[in-house]
> 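One structure, pasted below without further comment.
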Amino acid sequence: MSQNDQLFDLTIIGGGPTGLFTAFYGGMRQCTVKIIESLPQLGGQLAALYPEKFIYDIAGYPKIRAKELIHALKEQAFHFSPTVCLEERVRYIKKLDGHFEMITNKGVHFSKAIILTAGVGAFEPTRLDHPKTAIFEGKNLHYFVEDLNQFANQKVAIVGGGDSAVDWGLMLESISQEVHIIHRRDKFRAHEHSVENLRNSTINILTPYEVKDLIGNERIEKLVISTSKTQEEKILEVDAVIVNFGFKSSLGSIKEWGLEIEKGSIVVNSKMETSIPGIYAAGDITTYPGKVKLIAVGFGEAPTAVNNAKAYIDPEAKLQPGHSTSMNLEKPDFVTTR
C-alpha cells in the first residue's frame with residue numbers, strides 16, 4: 001500500500017504554526033498524522049511572508065523571529081514523523097463508511113478524522129494601485145521581506161499603517177540608511193507600544209500621505225507622495241519600496257465542503273468540532289463566541305481538537321491525556337511524500 005492509499009488517523013490541512021503544533025500533539029496521542037500544505041514549505045504566512053518579522057505574543061518568548069519560531073515548531077512536530085505533502089490543495093472531501101476521502105490537485109488521501117488549520121485560507125497581497133506597479137514588482141517594489149539584509153544601507157520607503165508596516169520600519173531602522181513610513185491616515189493601526197517606539201525612532205513618519213507616482217525606468221528611483229486634503233507633494237529618493245496594505249484571503253474550495261461558515265470562518269464548538277462529525281478545526285480559520293485570532297490561541301485549540309478527534313476515532317480512548325513530562329519523546333526525521 002502506498003502512502004497515498006494509507007488510511008491515517010489524522011490529516012491536518014494547513015501547515016502553519018497551528019498545523020505544526022497540531023501534528024506534534026497528534027503524535028503525542030499516538031495517532032498516525034499527515035499534513036497537507038498548499039505552499040512549497042511549511043510555516044504558513046510566517047514562513048512565506050514574514051520570516052524576518054519579530055513575533056511578540058508567544059508565551060515564553062519576549063520576542064522571536066517568525067522563521068525561528070517555525071524552525072522550532074517543525075523540530076517539535078517531527079518528533080513523531082508526520083507524513084508531509086507540500087504544494088497540494090484539497091479540492092473535495094467525501095465522507096465514506098468510517099473515514100474520509102480527500103481529493104487534491106495531486107491525488108487522493110484517506111483519513112479517519114480531519115483537522116483544518118488553514119489559517120485565513122489562500123492569501124495574496126493587496127497591491128499598490130498604480131499603472132506602473134507591474135514594472136517594478138520583483139525588482140525593488142516588495143510586498144514582503146525574506147531577508148532584512150537586502151535593504152542594508154538603502155533608502156527604504158514603507159507604505160502602510162498596520163502592525164507589519166510599523167514592525168518592518170522598526171526592524172530596518174538600524175540596517176537601512178534611511179527609513180520612511182508613509183500612511184494615508186494620521187493614526188496607525190498598530191499596537192500602541194509599537195507606535196510609541198516608532199514615534200521615538202529616527203524613522204521619517206509621513207502622514208497623512210499617499211503614493212501618487214512612481215518615477216524610474218526598470219527600478220523605482222523616486223516616490224511622489226501627496227496629502228489627500230491639500231494635495232501637498234513630496235518627492236523621496238528611494239532604493240526600495242515595501243508596500244504593506246495587508247492580504248486578501250479566501251477559503252477557496254473549503255466553502256464547498258458543506259461546513260457551517262460565518263463571515264469567512266468555520267464555525268466550531270468548544271470541542272473544536274465543525275458541523276460535520278469527524279472534521280475539526282483550530283486556529284485563525286475558526287470562529288465561536290469570544291474568539292480571538294492569535295497564534296497563541298491556535299496553540300491552545302490544537303490539543304482540544306486532537307483529543308476530541310482521538311475520542312471520535314477511538315471511543316475507548318481517554319479524552320484527557322497524560323502529561324508530556326511522563327512521556328519519552330524521540331526525534332525521528334519527517335517524511336515528505338512530494
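Side chains included, hydrogens not; waters and symmetry mates left out as well; all remaining heavy atoms used. Quantities reported herein were computed from a predicted structural model and do not represent experimental measurements. For this chain, numbers begin at 1 and follow the sequence in order.
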> Kindly give the heavy-atom pair with the smallest separation between V33 and G27, and that separation in Å.
CG2-N, 4.1 Å
> I need the minimum non-hydrogen distance between Q41 and A47, along with the two atoms involved.
CG-CB, 4.2 Å
> How about NE2 on H99, more than 12 heavy atoms from neighbouring residues, nucleotides or ligands closer than 6.0 Å, or not?
yes
> Count the heavy atoms belonging to other residues, nucleotides or ligands that lie under 6.0 Å from NZ of K318, then report whether that count exceeds 12.
no
> What distance separates E260 CD from N269 CG, expressed to the nearest 0.5 Å?
10.5 Å
> Side-chain contact, heavy-atom cut-off 4.5 Å: I254 with I266?
yes
> For D129, does the CG atom have more than 12 heavy-atom neighbours from other residues, nucleotides or ligands under 6.0 Å away?
no
> Is K212 salt-bridged to E233, going by a charged N under 4.0 Å from an acidic O?
yes
> Does the side chain of I36 come within less than 4.5 Å of T11's, by heavy atoms?
yes
> Do the non-hydrogen side-chain atoms of Q6 and F110 ever get within less than 4.5 Å of each other?
no
> Report whether V224 and I220 are members of the same hydrophobic cluster (ILVMFWY, side-chain heavy atoms less than 4.5 Å apart, transitive linking).
no
> Can you tell me if K222 has over 12 outside heavy atoms packed within less than 6.0 Å of its NZ?
no
> Does a side-chain N-to-carboxylate-O contact under 4.0 Å join K106 and E88?
no
> Hey, any chance L73 and Y61 share a hydrophobic cluster, counting ILVMFWY side chains that come within less than 4.5 Å of each other, even indirectly?
yes
> Would you say the side-chain atoms of N140 pair up with the backbone N or O of R219, donor to acceptor, closer than 3.5 Å?
no
> What are the two closest non-hydrogen atoms of K132 and L214, and how far apart are they?
NZ-O, 3.0 Å
> Considering only heavy atoms from C-beta outward, does the side chain of L206 approach that of H183 to under 4.5 Å?
no
> If you apply the rule side chain to side chain contact (heavy atoms under 4.5 Å, CB included), what do you find for R184 with Y209, and how did you get there?
CA-CA 5 Å; R184 61 179 179 170; Y209 281 91; over 6 Å; no
> Using a cut-off of 6.0 Å, state whether more than 12 heavy atoms not belonging to Y56 lie near its atom OH.
yes
> For a 4.5 angstrom cut-off between non-hydrogen side-chain atoms, does F100 reach K94?
no
> Testing the basics here: between N217 and I135, what is the closest heavy-atom pair and its distance to 0.1 Å?
O-CG2, 3.6 Å
> Is the backbone N or O of T18 less than 3.5 Å from a side-chain atom of T22, with the two atoms forming a donor-acceptor pair by type?
yes
> Hey, is the main chain of T32 close enough, under 3.5 Å, to the side chain of D9 for a donor-acceptor pair?
yes
> Is V267 reachable from I285 through a run of hydrophobic residues whose side-chain heavy atoms are each under 4.5 Å from the next?
no
> In Å, rounded to the nearest 0.5 Å, how long is the span from OG1 of T117 to CD1 of I12?
6.0 Å
> Does R65, at its CZ atom, have more than 12 non-hydrogen atoms belonging to other residues, nucleotides or ligands within less than 6.0 Å?
yes
> For the side chain of Y280 and the backbone of N308, is there at least one donor-acceptor N/O pair under 3.5 Å apart?
yes
> Measure across F54 and D167 and return the closest heavy-atom pair with its distance rounded to 0.1 Å.
O-OD2, 4.5 Å
> Go through V211 and L128 one step at a time and tell me if the side chain to side chain contact (heavy atoms under 4.5 Å, CB included) criterion holds.
CA-CA 9 Å; V211 175; L128 183 67; 4.3 Å; yes
> Distance-only, no hydrogens or angles: does the T286 side chain make a donor-acceptor pair with backbone N or O of A281 under 3.5 Å?
no
> If you measure only the distance, is there a donor-acceptor pair under 3.5 Å linking the side chains of S226 and E232?
no
> How long is the straight-line distance from CD of E87 back to OG1 of T104, given to the nearest 0.5 Å?
12.0 Å
> Show, in sequence, the C-alpha distance, side-chain angles and deciding distance for T207 and I182, and conclude whether the side chain to side chain contact (heavy atoms under 4.5 Å, CB included) test is met.
CA-CA 6 Å; T207 61; I182 302 156; over 6 Å; no
> Please identify which of these residues, F24, Y25, F21, meets the ring pair (Phe, Tyr, Trp, His ring centres under 6.0 Å) condition with F299.
F21
> State whether the side chain of K95 and the backbone N or O of P277 hold a donor-acceptor pair below 3.5 Å, judged by distance alone.
yes
> Does any donor atom in the side chain of N307 or R29 lie under 3.5 Å from an acceptor atom in the other side chain?
yes
> Please name the pair of heavy atoms, one in V238 and one in A157, separated by the smallest distance, quoted to 0.1 Å.
CG1-CB, 3.9 Å
> Other residues, nucleotides and ligands only: do more than 12 of their heavy atoms fall within 6.0 Å of NE2 on H130?
yes
> For T287 and K293, which I'm curious about, is there any donor-acceptor pair between the side chains at under 3.5 Å?
no
> Given the rule in the side chain to side chain contact (heavy atoms under 4.5 Å, CB included) test, do L69 and I58 qualify, once you have shown the distances and angles that lead to the verdict?
CA-CA 9 Å; L69 175 62; I58 304 300; 4.0 Å; yes
> Any donor and acceptor pair, going by atom type alone, linking the side chain of N153 with main-chain N or O of S176 inside 3.5 Å?
no
> Start with the C-alpha distance between E137 and R127, add both sets of side-chain angles, then the distance that settles salt bridge (Lys or Arg N to Asp or Glu O under 4.0 Å), and finish with yes or no.
CA-CA 10 Å; E137 288 179 347; R127 287 175 159 75; 3.2 Å; yes
> I'd like to know if the side chain of Q154 reaches the main chain of Q177, judged simply by a donor and an acceptor atom lying under 3.5 Å from each other, with no hydrogens or angles considered.
no
> Is it the case that atom CD in Q231 sees more than 12 heavy atoms from other parts of the structure closer than 6.0 Å?
yes
> State, with a plain yes or no, whether a side-chain heavy atom of L20 is found less than 4.5 Å away from one of L42.
yes
> List the steps and the verdict of salt bridge (Lys or Arg N to Asp or Glu O under 4.0 Å) for E316 and K310.
CA-CA 9 Å; E316 296 184 1; K310 174 73 173 182; over 6 Å; no
> Quick one: pull up CD1 in I215 and CG in D213 and give me the separation to the nearest 0.5 Å.
5.5 Å
> In terms of relative ring orientation, are H142 and F151 parallel, tilted or perpendicular, with 30° and 60° separating the classes?
perpendicular
> Just by distance, do the side chain of E37 and the backbone of L39 share a donor-acceptor pair under 3.5 Å?
yes
> Go through the steps for K34 and S111 under the test side chain to side chain donor-acceptor pair (under 3.5 Å), then give the verdict.
CA-CA 9 Å; K34 175 181 282 185; S111 188; over 6 Å; no
> How long is the gap from NE2 on H193 to CG on L198, to the nearest 0.5 Å?
12.0 Å
> Any side-chain heavy atom of Y288 within less than 4.5 Å of one from M272?
yes
> Nearest 0.5 Å, please: how far is CG in L116 from CD1 in I279?
6.5 Å
> Which one of T126, N244, V241, V243 satisfies the side-chain contact (heavy atoms from CB on, under 4.5 Å) criterion with Y143?
V243
> Do T83 and I35 touch side chain to side chain, with heavy atoms closer than 4.5 Å?
no
